[in-house]
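A short write-up of the structure that comes next.
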Protein chains: 2
Amino acid sequence: MLVAERRELLLTRLSSEGKIIAADVARELGISEDSIRRDLRDLAAAGHCQRVYGGAVPVSRALVDYRSRASVEPESKRRIAARAVQLIKPGDRVILDGGTTTLAVVHALPADLEATIITHSPTIAAALIEHPSVEILLLGGRIYKHSAVACGAAAAEAARAITGDLFLLGVTGVHAEQGLTTGDAEEAAMKRTLAAQAADTYVLASAEKIGAVSPYLVLTLDAITAIITDASPGSTALQALQRTAPAVMLAA
Amino acid sequence: MLVAERRELLLTRLSSEGKIIAADVARELGISEDSIRRDLRDLAAAGHCQRVYGGAVPVSRALVDYRSRASVEPESKRRIAARAVQLIKPGDRVILDGGTTTLAVVHALPADLEATIITHSPTIAAALIEHPSVEILLLGGRIYKHSAVACGAAAAEAARAITGDLFLLGVTGVHAEQGLTTGDAEEAAMKRTLAAQAADTYVLASAEKIGAVSPYLVLTLDAITAIITDASPGSTALQALQRTAPAVMLAA
DNA sequence: CGTGTTTCTGCACGTTTCTGCCGTATTGTG
DNA sequence: CACAATACGGCAGAAACGTGCAGAAACACG
């Protein structure tokens, strides 16, 4: 059996059964687990599957990436947020995406900043209420509990009624070829709509998002202004990105 | 079964049932409670759920925690909220006003309630995200910081696009002659607009609001269906109200 | 055909992760 | 306060992982 053939079989099996258990496949095919592990490692590197302990699962489930998320310390989000805040000029209309990274942006805003923050996240809006000077514009609609933001037709319509100077976007995957991706289709559409309303779009992505791919495309890399990340400059995923992305801003 | 698979199952179960009981899951899956506890601990560390004694509940993406905050709410608000919740029938479209009393209503909602909650308060919406089954419709607009709700032209327009079966209204003054009053003109107008969209309007007012008057009129008493309060039946203010108001429901 | 190179494969070894158990501490309940 | 349920940390065995290595197969090229 050819290697390529075997790997194809792995992918087929992955989509049909929703998972791969390395030990099982190795026994069925009569080859060592080492080879299967090597296959899975390569497939994962190519973005075709997600490696987990004992085997692999489809990328579509990558949103539950426990190991990497467990290692996400608030410190990295705080650094990224601090860098993002520097982009905001007094009087700007800032469109702020939902998510924990953008929530960190709220906490990083200078107390005397006079700007308008536009968001479709009730969580972000609720946090902003305590800020003394920013104006808050809330985009309404049906709340998707999965992502805790307003999505759908009503939210998109509300979004198209406004414009912003910059959009601070959060995604779960930033990949040199696959572009910006996230785990929910409606959410992806909403992010795209918001990006269309802003003069500049900045992506906020902590290190573990760099090189990752989620199921739904938000935007291609050429549609954004820059990526703000804390990924280490030496990482291969970041270097690949720097050859494709318009700009990469490193958060010290 | 893969570890990742099991943890995914836990999250699925968490969102579908609103909670996880470690002992139950351990028995069903035929593994030790220790492993489940370890899973829940890691998931909690990754921000996917919140650990509680005996298992886990959905994570608080909101500033206010769905459950724990309920324990620090004044007993009076809890009682009023409990009474108000009884008015909601499965499938209802409930318009929920902003404020601490209506926030207590969120915490008093049964976990299995299937209803649509419509609100112009980001705080209310953020708290509702924790609820396993209700649908949330957020009315957007400019956020007024003193009242922490969306008001103004855009919010009113969004409100006129929806209808509700009942409106749970919070005010700062309930007076036999002066009617229902509040402290902000824009806020009063928004409450009036919401009342117009609902078949029934119920006022939630703790004892100290009964007999009080604030600067801006929201509605006259004949425009509402009933008042829910915990005021003592003997108080003169309540007795005066009972001669004028359509109905007064006492929260035991 | 011969030879040097690359790729694939299995094995061995040390490391990491997972799991169940046990003793102890903590929490909830009456 | 007492009792039961639950949580936590440490421990040891098992399973899975990554890596380096060497042999085998496939390949490229003169």
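Residue numbering restarts at 1 for every chain, and letters A, B, ... go by the order of the sequence lines. Reckoned from all heavy atoms, side chains included, excluding hydrogens, waters and symmetry mates.
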Original post:
Taking CD1 from B:Ile21 and P from D:dA5, how many angstroms apart are they, rounded to a whole number?
Top reply: 14 Å
**OP:** Check B:Arg7, B:Arg51, B:Arg37 against B:Asp42 for a salt bridge (Lys or Arg N to Asp or Glu O under 4.0 Å) and give me the one that passes.
**Re:** B:Arg7
Original post:
Can you name the closest pair of heavy atoms from A:Lys209 and A:Ala205 and give their distance?
Top reply: CB-CB, 4.0 Å
Nucleotides 19-26 of chain D: which of its N/O atoms have a protein N/O under 3.5 Å away?
none

Original post:
Taking the side chain as C-beta and beyond, is there a heavy-atom pair between B:Leu109 and B:Val85 under 4.5 Å?
Top reply: yes
Original post:
Should the pair B:Asp230-B:Arg83 be classified as a salt bridge under the 4.0 Å nitrogen-to-oxygen rule?
Top reply: no
**OP:** Write down the distance between CG (A:Leu40) and C1' (C:dT9), rounded to a whole number of angstrom.
**Re:** 16 Å
Subject >> B:Val203 side chain reached by B:Ile228 side chain, heavy atoms, under 4.5 Å >> reply: no
**OP:** Measure from CZ on B:Arg37 to P on C:dC21 and round the result to the nearest Å.
**Re:** 12 Å
**OP:** Give every residue pair that meets the salt bridge (Lys or Arg N to Asp or Glu O under 4.0 Å) criterion with at least one member in residues 210-227 of chain A, sequence neighbours excluded.
**Re:** none
**OP:** With axes from five pairs an end, tell me the bend angle of the helix from C:dC1-D:dG30 to C:dG30-D:dC1, nearest 10°.
**Re:** 50°
**OP:** Might you confirm whether atom OH of B:Tyr202 has over 12 heavy atoms from other residues, nucleotides or ligands at distances under 6.0 Å?
**Re:** yes
Original post:
Could you state the CZ-P distance from B:Arg6 to C:dT17, rounded to the nearest angstrom?
Top reply: 16 Å
Subject >> Interatomic distance where CZ belongs to B:Arg7 and P belongs to C:dT19 [whole Å] >> reply: 8 Å
Original post:
How far apart are the C-alpha atoms of A:Thr100 and A:Lys77, what are their side-chain angles, what is the distance that settles it, and do they pass the side chain to side chain donor-acceptor pair (under 3.5 Å) test?
Top reply: CA-CA 8 Å; A:Thr100 52; A:Lys77 290 184 199 290; 3.2 Å; yes
Original post:
Do you see a donor-acceptor pair shorter than 3.5 Å between the side chains of B:Thr225 and B:Thr201?
Top reply: no
Original post:
Which residues within residues 26-33 of chain B lie with some heavy atom under 4.0 Å of an atom in DNA chain C?
Top reply: B:Ile31, B:Ser32
Quick test: give all pairs of protein nitrogen or oxygen and nucleotides 24-30 of chain C nitrogen or oxygen below 3.5 Å, distance rounded to 0.1 Å.
unit_1 : atom_1 : unit_2  : atom_2 : d
C:dT27 : O2     : B:Tyr53 : OH     : 3.1

**OP:** Using whole Å, report how far CG of A:Asp42 lies from P of D:dG18.
**Re:** 11 Å
Original post:
With a 4.5 Å limit on heavy-atom distance, are the side chains of A:Leu96 and A:Val105 in contact?
Top reply: yes
Original post:
Can you tell me if the side-chain N/O atoms of B:Arg51 get under 4.0 Å from OP1 or OP2 in D:dA7?
Top reply: yes
**OP:** Evaluate the criterion side chain to side chain donor-acceptor pair (under 3.5 Å) for residue pair A:Ser214 and A:Thr182; output intermediate values, then yes/no.
**Re:** CA-CA 5 Å; A:Ser214 286; A:Thr182 191; 5.9 Å; no
Original post:
Does A:Glu8 come within less than 4.0 Å of A:Arg13, counting only side-chain N to carboxylate O?
Top reply: no
Subject >> Residues B:Asp165, B:Lys89: salt bridge by 4.0 Å N-O rule >> reply: no
Original post:
Under the salt bridge (Lys or Arg N to Asp or Glu O under 4.0 Å) rule, what pairs show up with a residue in residues 94-104 of chain B, not counting sequence neighbours?
Top reply: B:Asp97-B:Lys191
Subject >> d(CD1, A:Ile36; P, C:dC8) in whole Å >> reply: 14 Å
Original post:
What is the distance, rounded to the nearest whole Å, between atom CG of B:Asp24 and atom C1' of D:dT6?
Top reply: 13 Å
